[in-house]
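Small disclaimer: the values here were computed from a predicted structure and weren't measured. All chains are named by letter (A, B, ...) in the order of the sequence lines, taking the proteins before the strands, and each is independently numbered beginning at 1.
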Number of protein chains: 6
Amino acid sequence: MNVRAKSRGSVSGKPERLWFDELSMKEVEEYAKTRKVVIVPVGSVEEHGNHLPLCTDSLQPEYVALEAARKTKCLVAPPLRYGVCNSTRGFPGTISIGFKSLYRITLDILEEFVRNGFTRILVLSGHAGQSHMAALRLAAQEVVWHHEGENPEKRPRIMVCSDYDFAYELRGKHFSDRDGHAGTIETSRVMAIRPDLVKTKGKKNYPKLPRFEIVANPESFFLSGIIGDPTIASAEKGRMINRYILKEVIKLIEDLKH
Amino acid sequence: MNVRAKSRGSVSGKPERLWFDELSMKEVEEYAKTRKVVIVPVGSVEEHGNHLPLCTDSLQPEYVALEAARKTKCLVAPPLRYGVCNSTRGFPGTISIGFKSLYRITLDILEEFVRNGFTRILVLSGHAGQSHMAALRLAAQEVVWHHEGENPEKRPRIMVCSDYDFAYELRGKHFSDRDGHAGTIETSRVMAIRPDLVKTKGKKNYPKLPRFEIVANPESFFLSGIIGDPTIASAEKGRMINRYILKEVIKLIEDLKH
Amino acid sequence: MNVRAKSRGSVSGKPERLWFDELSMKEVEEYAKTRKVVIVPVGSVEEHGNHLPLCTDSLQPEYVALEAARKTKCLVAPPLRYGVCNSTRGFPGTISIGFKSLYRITLDILEEFVRNGFTRILVLSGHAGQSHMAALRLAAQEVVWHHEGENPEKRPRIMVCSDYDFAYELRGKHFSDRDGHAGTIETSRVMAIRPDLVKTKGKKNYPKLPRFEIVANPESFFLSGIIGDPTIASAEKGRMINRYILKEVIKLIEDLKH
Amino acid sequence: MNVRAKSRGSVSGKPERLWFDELSMKEVEEYAKTRKVVIVPVGSVEEHGNHLPLCTDSLQPEYVALEAARKTKCLVAPPLRYGVCNSTRGFPGTISIGFKSLYRITLDILEEFVRNGFTRILVLSGHAGQSHMAALRLAAQEVVWHHEGENPEKRPRIMVCSDYDFAYELRGKHFSDRDGHAGTIETSRVMAIRPDLVKTKGKKNYPKLPRFEIVANPESFFLSGIIGDPTIASAEKGRMINRYILKEVIKLIEDLKH
Amino acid sequence: MNVRAKSRGSVSGKPERLWFDELSMKEVEEYAKTRKVVIVPVGSVEEHGNHLPLCTDSLQPEYVALEAARKTKCLVAPPLRYGVCNSTRGFPGTISIGFKSLYRITLDILEEFVRNGFTRILVLSGHAGQSHMAALRLAAQEVVWHHEGENPEKRPRIMVCSDYDFAYELRGKHFSDRDGHAGTIETSRVMAIRPDLVKTKGKKNYPKLPRFEIVANPESFFLSGIIGDPTIASAEKGRMINRYILKEVIKLIEDLKH
Amino acid sequence: MNVRAKSRGSVSGKPERLWFDELSMKEVEEYAKTRKVVIVPVGSVEEHGNHLPLCTDSLQPEYVALEAARKTKCLVAPPLRYGVCNSTRGFPGTISIGFKSLYRITLDILEEFVRNGFTRILVLSGHAGQSHMAALRLAAQEVVWHHEGENPEKRPRIMVCSDYDFAYELRGKHFSDRDGHAGTIETSRVMAIRPDLVKTKGKKNYPKLPRFEIVANPESFFLSGIIGDPTIASAEKGRMINRYILKEVIKLIEDLKH
């Protein structure tokens, strides 16, 4: 995504590295000592109506991660762009991995960062499905328990959140309480981050979803793949939301630094 | 990586999409009918000496995948940037996932593409470690067996290769027979693809590695993390190698189309 | 618990069976045809302060399940009294099983009820931890997907909820917004259901818990094991809450019947 | 079951707690120091002819556990009421969980009791199927090996038995050598423990079962679900058997205490 | 073992093949049609006192399998010489694999024979540990269930037994009731089958083993590794026992043929 | 196979033991101190044309292992005669186990030898399929990592190779570059080791196999099950090849001894 290129701005002479994996072996060894927070962006390949791209959940946390990294001097791990998408699996384009797959790869990635001395980690997911988030948290829980008895210096501190934990705090005030998947907020954010990937205006849709029933075909309850009103989205709204999320994420990173 | 941005060139008016996840739900449904081959680039986060970045194995197949996609009208799946790195796990910066993690997530991803109607798939890995490749092949094997009895139209065809399956065919003739990890070929390729990420000239190193012993610390056998001679690498050599690989990969894609 | 005994009231001559496993082979075969909804109560063995018993999360859903079964003529499965308790695992008395254990046993139980012809199932959990609920939902999801292609008659319909999904709807209006684990609501309910198991008045505690950090020792953030104010609890409040939950659960069962 | 209610007799003023999960956090901490043996009753949901309830295998060990607990001042864990029932899976009403599910949940439960300081544990199963017992023993074996190198004070001691290990010692003398599932012994015991759940007299049946063949439909070899002669069962016989089992179980507990 | 060589006697001109894996592809295809029973011998690598070899449990069923194959015209699969040895794991020389490992490999082997058209299988184990036998039976159970719905012609029939299921029938009459591991019976059998591997006379030992406790170090209860009296063993007794077992095993094979 | 019998030659009076499992408990304890190298032969049950037996891949490494053991005074573990045979699974007679099954049992076996003090191990496989070898190496990798932090004396050293790693070094010079499965080399070796098991002359076949495609039915690409020219095989060639492999294997063992 442009996200990646755009944000890799150089500073002065020597380019500043935001992506963990653009470092060399030697550089990473130094970073491990001085700038320990690593953000792990997690996305998904998931339908977001006919107006937003499948990578919608990937580009949002990657954008926030890079902006936050630039401001807080932390690093961004290579994104994991596949997630668990139970409720949209029936739509064309959704590539949903299993709970266990996400859990295991996240566990391995977190353990490896810790082994490399990067013990302060923020897992930031653009996708916020329940199973998906549970897999990420379960992996993080295993890692912190695994290192529980160790020297406090080496013991990992890991946070797991979705940028929708913050975005949805703006519902009620600025947006409909029922805005959701591919709705006003999400559409606005993509308009701000990658306008070239927004294809149509979308259609307003406030479906009634089953609250407790676990159904085989949740897509039949919102056939357009939209929950909310993308027609009133704007890049300006998106920038406002992104600023808000960024501010909150930076707070978490500052907390992790201490 | 720039790879991603640079190659997303537009063609005429409406931009041409190479990345699968930049499509919308509706677009992906159409593509499923007409342009079925999907390339899944797989990389790693792995030391490549002090002169190359950790993403070396990611940016190579992503470059090839995008060039091939542009020429053959196929699509590139979101890359998987984490791999199994048994022999370099002891070096700073290597983030190695387990065999089972790679196997499982690859299995899920392949099954999901098949379920979406994308039944022609090329898994292209920049990393070529034995366990890593075995995990990819095992996942592919499960998928083709799983669909064995189905209608030939729906039955998946999957290829798994590393771009080093081709690059190493140039050894002997153009390069040392013993050139390997972070050596002349790999350094040249990165110089051609992302020169800004090449940091020093590297150091020549032709280590003697244990052939059959499975050791706990393979890094002790090549402390610089290099196998080969990066000092004689050049962008021009890299372009030549990339052209060769691209040509071979395109042949595979053409085969998959029929 | 008394719950079990008390609620097994006979009706007229022949006692009415509410517990699934009090039926004989022959009876169960008949029930499979006429009274298909089965409630599976899930609890935990988990500290609830010094004033409430470890079985607090078990006796609540079992009470609701039996009352609902009596009113709707459905059956109650043998309760599963062990759950996943990540945030209270550090307290004395918590017996927490792993995510995978809960997932697997729930999956097996649900599949077996379906195989026996009991295709309408309500999983009702007194414990509401995120991982715990995710395991239950994941198991249910697998089951409904597993039977997706089958005859609608045989296809299972499964709901998963916690009675705290309803109890917490009363916060704001009747109870503090921050009332939680072993607080006013939970204490009141136990006072209504099993007053003999309430040992002291408890202590008011409104702790600040980490919102996103996954910590190894969450118990250090609320040392009394209480979140909320048990001192203002009463049996009368408990009865009111129980009535509300019961009403909502009965709606779900009625929905499942059709 | 009535079992639960009936046996929860109070002693003098303050009720005596037999069930582990009726304790509060504080009480459990004290018990961990003074009354360490915990009995874990394991049952099943399994056909037992048309005359006995599906909970037959649950109510027997729960009855014995409570009686033994009362006499030896030990505690009874919340029962696990689901077991592995390979040979009766084909009958209506049997809810059989997989070997691995039983193994895993038992492993977790045992480890958690040990972690809480309850290191003397008796697993008492009413169901005695080979796979079922093997899963329980395998879990116990893992736990004792896991703690092998620890301080003897903290090292767990775990026993695993079925109450049918004792009941069947009475065959030959008092009962037919071929009495088994839902036969004279089992029917008598239920008549003594929960007469209200005995529905008919049952039918005598001494089937010839395959000795070594692992069949898909073992139920076809004893269509009534009975092995033995329930028609000669009596509550008095049941009380005698229960006394015998109780005496043997108490011996095990006394052994565990030292 | 000599077992293997000795029993591979040729008959007349063309040698008769008893070992499945001495057949060629073409021969196996023919055998699949006409001589369907396959015996899978399972052994262990396990201490048997200082007088018997570690392969004691392997050579017994292999001997019986070959003799039975010769008489019934069935085939012997390559033996599996590793088993689950929980109670002797602490002795020198015991190589014990895990329950899951034995279960999985047995499952795969059985499924593969069935896939090849060899649907009548006798698993004959020389080792008779509870967990070991449970793993074998569990694997067989999965296989028969897996093929339950298939054409009766193709549906597998699988038997699982230990030759000690028969050998111990001779206790009481011919041997001590308490004879066991490396005792009179086992020593006699090895003396009959492979006298060159019997090293000393052994020592009489009737230990008291824990009946229900699952201990970490069962070896401490019978330090010589012997249960029974090897000093009164003889090759003649061994031959008698072997004849008896052989007769019983042949009955099973005849049953499988029909 | 005759292999086993033939090679168990006695030396002088007391027979020399080459097979690990022919030792007694006491003997094995002594060997653990003085002659630590253990060779674990791994084979397969796999078609090898109509001219070679299914045990072809088993008898080769067993022959080499025994010869090497005799010359270097090391021990041979009971062979594992089942392997992963993805590319020949479609032929009659192939009994292929899954990757995970081979991985797990190998892991267990290696860990057990190490636990017994046999820390120098050579895994020698006659089958050389990619997945098969990957499973063996992965198991070995886990074991060496598991013991990484231990005392150098106790730390295992494990080598994994196929005797075809050496045999194929003779291609080009002595044999066709394209000789492979059941071809000149393999046929010659079996003619040297077990001539009685060679059934016909075989047929020459140089098939074109898919290089990168993972196919469901690889057998369709070489219907005779042969890759190479068995018609020019001879026992003399086989002896030459075996001598060469033996020499190389002995080098590995000598390396492991130090």
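- The greatest number of non-hydrogen atom pairs below 4.5 Å with chain E, out of F:His48, F:Glu111, F:Arg104, is found for F:Arg104.
- For a residue to count as touching a neighbouring chain, one of its non-hydrogen atoms must lie under 4.5 Å from one of that chain's; by this rule F:Ser224 touches chain E with the backbone only.
- Looking at residues two or more places apart in sequence or on another chain, you find a salt bridge (charged side-chain N to carboxylate O under 4.0 Å, His left out) between F:Arg157 and B:Glu213, F:Asp255.
- With a threshold of 4.5 angstrom between heavy atoms, F:Arg89 approaches chain E through its backbone and through its side chain.
- Within residues 91-103 of chain E, the residues having any heavy atom under 4.5 Å from a heavy atom of chain F are, by residue number, E:Phe91, E:Pro92, E:Gly93, E:Thr94, E:Ile95, E:Ser96, E:Ile97, E:Gly98, E:Lys100, E:Ser101.
- At a heavy-atom cut-off of under 4.5 Å, chain F is reached by no residue from residues 122-138 of chain E.
- Although no hydrogens or angles enter the test, the distance criterion places no donor-acceptor pair under 3.5 Å between the side chain of E:Tyr82 and the main chain of F:Leu80.
- Most heavy-atom pairs under 4.5 Å with chain E: of the set F:Thr200, F:Ile109, F:Leu52, this distinction falls to F:Ile109.
- Within the model, atoms CD1 of F:Ile105 and CD1 of E:Ile105 stand 4.0 Å from one another, a figure rounded to the nearest 0.5 Å.
- Both the backbone and the side chain of E:Asn50 come within contact range of chain F, judged by heavy atoms closer than 4.5 Å.
- In this structure, E:Arg81 and F:Pro79 approach most closely via the heavy-atom pair NH1-CD, 3.7 Å.
- Qualifying salt bridge (charged side-chain N to carboxylate O under 4.0 Å, His left out) partners for F:Lys199, counting only residues two or more places apart in sequence or in other chains: E:Glu27.
- Under a 3.5 Å cut-off, the side chain of E:Asp21 and the backbone N or O of F:Val45 do not form any donor-acceptor pair.
- The CD atom of F:Glu47 sits 14.0 Å away from the NZ atom of E:Lys26 when rounded to the nearest 0.5 Å.
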